[in-house]
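All values below were derived from every heavy atom in this structure, side-chain atoms included, with hydrogens, water molecules and symmetry-related copies excluded.
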Amino acid sequence: MDYVALNHIHIINHLIKKYGYQTYLEIGVHTKTLCFDHIECEHKTGIDPGYENPNERYDYHMESDDFFHALRSGLTEFETNHKWDIIFIDGLHLAEQVERDIVNSLNHLHPNGTIVLHDCNPPHELVAREKYHTDYVSPGIWCGTVWKAFYKFRSLVTGISMWCVEDDLGVGIIQFGEQELAEMNNPFYEYEIFNGNSKEHLNLITSKEFLELFPI
């Protein structure tokens with residue numbers, strides 16, 4: 001079979017099938033037909049504040065910080081310690097927010113669960129700016145500073161294992177486990193340094209390597 005690059009939907013559904021996951025949480029739905037509706041999982045929950053798409057209906061119409069606070073406060077349909085099998089983070093693409101989303105997701109992830117993140121490997125500095133612009137080299141693409149949060153966890157956090165599939169702007173994968181920490185040789189999180197060290201910073205793998213690491 002010819003090699004085909006995987007996108008985040010392929011990767012999420014592959015992991016669901018591999019591990020028999022039953023529960024899915026999507027942070028930053030935006031438009032359901034883009035990803036949410038294509039996820040093949042029995043129980044799906046979507047959260048989004050709706051700033052960019054006010055006409056879309058979400059399970060929880062709020063920011064992710066507010067959702068997790070409501071969850072811990074017993075203000076959702078779930079138990080305060082509820083844990084999901086797989087969580088997809090594709091909300092506000094700023095490192096500080098992504099870091100909070102990762103921490104909150106780890107606190108509500110089953111021991112054998114998986115976190116998936118989008119936009120971890122920006123192909124150009126123009127799409128890795130903190131602010132969204134419409135005059136990018138690649139219109140409509142904005143990875144923001146997701147890579148900074150991913151690299152921070154790769155270089156500083158133990159007790160987890162991390163990979164990033166290089167296709168589809170970088171699809172990050174986090175599971176509980178142990179990883180060899182990446183060298184913290186980019187303390188100011190500069191894109192120019194990242195661009196020359198992205199394989200190490202993100203533990204980049206190809207789609208083929210992903211399928212070999214996570215066979216069904």
Side-chain angles (χ1 to χ4, degrees), residues 1-15 18-19 27-28 35 86-103 105-106 109 113-130 132 136-138 140-216:
M1 184 175 68
D2 293 337
Y3 173 73
V4 178
L6 302 176
N7 63 30
H8 58 286
I9 297 173
H10 297 139
I11 289 170
I12 293 169
N13 282 330
H14 181 92
L15 292 167
K18 173 178 175 58
Y19 295 109
I27 298 172
C35 178
I86 185 164
I87 300 174
F88 178 45
I89 299 175
D90 195 22
L92 182 61
H93 293 357
L94 297 179
E96 296 82 1
Q97 181 61 59
V98 176
E99 183 177 344
R100 292 198 299 272
D101 286 339
I102 293 174
V103 170
S105 295
L106 286 171
L109 185 72
T114 304
I115 295 171
V116 178
L117 303 92
H118 198 213
D119 301 295
C120 296
N121 189 29
H124 193 282
E125 189 170 11
L126 288 174
V127 301
R129 298 178 182 177
E130 287 198 355
Y132 177 83
Y136 288 151
V137 174
S138 302
I141 297 176
W142 181 53
C143 295
T145 53
V146 176
W147 73 267
K148 295 182 181 182
F150 199 84
Y151 173 50
K152 183 175 182 178
F153 278 76
R154 271 276 297 143
S155 59
L156 298 177
V157 180
T158 59
I160 56 176
S161 296
M162 304 176 68
W163 306 263
C164 181
V165 180
E166 63 185 11
D167 298 317
D168 192 23
L169 301 174
V171 183
I173 299 167
I174 302 176
Q175 295 181 333
F176 292 113
E178 290 299 331
Q179 65 179 348
E180 182 179 346
L181 296 179
E183 183 180 354
M184 176 46 82
N185 57 5
N186 189 3
F188 297 104
Y189 298 90
E190 299 173 79
Y191 181 84
E192 185 174 334
I193 297 176
F194 161 76
N195 194 42
N197 296 274
S198 58
K199 184 172 180 62
E200 168 67 11
H201 279 20
L202 304 178
N203 194 20
L204 280 179
I205 59 175
T206 65
S207 288
K208 180 180 178 181
E209 288 171 330
F210 166 78
L211 294 174
E212 292 171 349
L213 282 169
F214 300 93
I216 294 180

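Shown here for Leu202 and Cys120, the closest heavy-atom pair between the two residues is CD1-O, 3.4 Å. Contact record, Leu181 with Val157: CD2-O, 3.4 Å, taken as the closest heavy-atom pair. Across every non-hydrogen atom of Asn7 and Val171, the tightest pair is C-CG2, 4.5 Å. Across all non-hydrogen atoms, the minimal contact from Pro123 to Cys143 is CD-SG, 4.4 Å. The two residues Ile193 and Asn197 make their nearest non-hydrogen contact at O-ND2, 2.8 Å. A pairwise comparison of heavy atoms in His8 and Cys35 identifies CD2-SG, 3.8 Å as the closest pair.
For Lys152, the salt bridge (Lys or Arg N to Asp or Glu O under 4.0 Å) partners are Glu99, not counting sequence neighbours.
Ring to ring, Phe214 and His14 are not that close: their centroids are 6.0 angstrom or more apart.
Classified by interplanar angle (parallel below 30°, tilted 30° to 60°, perpendicular above 60°), the ring pair Phe194/His201 is tilted. Using cut-offs of 30° and 60° on the angle between ring planes, the pair Tyr191 and Trp147 is perpendicular.
Side-chain contact, Gln179 with Ser161: no donor N or O sits under 3.5 Å from an acceptor N or O.
A distance of 11.5 Å separates CD1 of Ile87 from CD1 of Ile12, quoted to the nearest 0.5 Å. Expressed to the nearest 0.5 Å, how far CD1 of Ile115 lies from CG of Leu15 amounts to 12.0 Å. Here the straight-line distance linking atom CD1 of Ile205 with atom NZ of Lys199 works out to 9.0 Å at 0.5 Å rounding. Residue Ser207 holds its OG atom at 3.5 Å from CG of Asp167, rounded to the nearest 0.5 Å. Distance OG1/Thr114 to CG/Leu109: 7.0 Å, rounded to 0.5 Å. To the nearest 0.5 Å, atoms CG (Leu117) and CZ (Phe153) are separated by 9.5 Å.
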Using the side chain to side chain contact (heavy atoms under 4.5 Å, CB included) rule, take Ser105 and Ile89 through it: C-alpha gap first, then chi angles, then the decisive distance, then the call.
-> CA-CA 9 Å; Ser105 295; Ile89 299 175; 3.7 Å; yes
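Of the residues listed (Phe150, Trp163, Tyr151), the one engaging Asn203 in a side chain to side chain contact (heavy atoms under 4.5 Å, CB included) is Trp163, and it is the only one. Screening Leu6, Asn13, Ile11 for a side chain to side chain contact (heavy atoms under 4.5 Å, CB included) with Ile9, the sole residue that qualifies is Asn13. Between Trp142 and the options His124, His93, His118, a ring pair (Phe, Tyr, Trp, His ring centres under 6.0 Å) holds for only His93.
Side-chain atoms of Ile173 and Phe210, non-hydrogen and from C-beta on, do get closer than 4.5 Å to each other. Counting only heavy atoms from C-beta outward, the side chains of Ile174 and Leu106 approach each other to under 4.5 Å.
Within a 6.0 Å radius of CD in Glu180, no more than 12 heavy atoms belonging to other residues, nucleotides or ligands are found. Heavy atoms of other residues, nucleotides or ligands lying less than 6.0 angstrom from CD of Glu192 number 12 at most.
In this structure, Thr145 contributes its side chain and Ala95 its backbone to a donor-acceptor pair below 3.5 Å.
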